[in-house]
**Q** 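One structure coming up, written as structure tokens, with questions to follow.
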Amino acid sequence: MTVELYALPLGTCQCRFQTPTGRTIHADLPVSGYLLRLSDDKLALIDTGMNRLHVDDPDLTWRDTPRAGQLRALMSPEDSLLYRLAQLDVGPADIDYVINTHLHFDHAGNNDLLGSATFFVQRDQYVHALDNPRYPSQYWNLPALKYELVDGESELFDAVRVIPTPGHAPGHQSVEVTLPEGGSMIICGDAVVQADDYRLDDWSHQEDPVLARQSALHLRDLATESASTVFYGHDPEQLATMKWSPESAYR
Ligand SMILES: [Zn+2]
């Protein structure tokens with residue numbers, strides 16, 4: 001059984017681009033990761049945020065690429081994963097497992113720090129991301145890192161289940177966590193970027209909008225069935241309603 005879940009604030013991704021349908025995306029999106037303390041005292045991370053070197057250089061990842069200026073990582077020193085873990089008295093070598101919802105730079109940016117961990121990624125995502133410039137490999141595709149590739153839905157640990165939610169990217173996965181006090185949480189990753197995606201029923205910002213819509217509706221059904229709290233990928237309006245590390249945790 002999972003004992004605690006800490007939501008870690010990991011900076012802001014500044015987005016400035018147009019979707020293929022002409023919708024202008026002009027948003028400063030919060031980036032987060034989650035630390036789970038499991039009942040056997042093992043530690044698991046869900047997503048690792050943007051690389052800590054962006055604190056000094058917001059354009060580090062996308063400078064001189066077609067996405068230059070479209071995606072910028074705005075981070076204070078406190079937004080580095082290392083800092084957020086240290087606030088909980090956790091070092092990178094203490095992390096036993098990492099679940100990446102997918103391998104985009106804002107979800108796998110600090111995988112390079114976590115050489116003691118086993119990483120769980122859907123096989124379809126891993127294969128898609130290899131040698132793909134949209135998935136900067138310097139952060140995650142390193143010989144020292146141990147990846148365990150997952151095919152479909154799987155209960156990785158007691159009370160922690162991954163659910164395939166493709167559409168944002170092939171092999172994207174979301175995570176359902178059941179907490180001891182009876183609550184359950186669904187961490188969407190970018191299957192649902194913000195609550196507005198449902199309200200507008202607009203999935204045009206996703207790589208495969210049809211598939212993304214199916215995945216998002218599936219998550220909504222699951223959340224209704226299990227009365228889960230849902231954490232969207234990057235929802236500025238949800239920020240104020242969440243409990244954040246280190247002050248508080250979900251139990
Ligand atoms: Zn994202």
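We count ligands from 1, going down the list as the structure has it; atoms in each ligand are counted the same way.
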**Q** Under 2.8 Å from the Zn ion (ligand 1), which protein N, O or S atoms do you find? Ignore water molecules.
**A**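 Those protein N, O or S atoms (cut-off: under 2.8 Å from the Zn ion (ligand 1)) are Asp106 OD2, His107 NE2, Asp190 OD2, His234 NE2.
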**Q** Should the pair Asp197-Arg220 be classified as a salt bridge under the 4.0 Å nitrogen-to-oxygen rule?
**A**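 Here Asp197 does not pair with Arg220 in a salt bridge, since their nearest N and O are not under 4.0 Å apart.
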**Q** Between Lys42 and Asp94, is there a side-chain N and carboxylate O pair less than 4.0 Å apart?
**A** no
**Q** When His107 is tested against each of His168, His102, His172 for ring pair (Phe, Tyr, Trp, His ring centres under 6.0 Å), which residue passes?
**A**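 The option that passes is His102.
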**Q** Rounded to the nearest 0.5 Å, what separation is found between the CG atom of Asp208 and the CZ atom of Arg213?
**A** 13.0 Å
**Q** Between Asp201 and Trp203, is there a side-chain donor-acceptor contact under 3.5 Å, judged purely by atom types and distance?
**A** yes
**Q** Which residues pass the salt bridge (Lys or Arg N to Asp or Glu O under 4.0 Å) test with Glu153, not counting sequence neighbours?
**A** Arg161
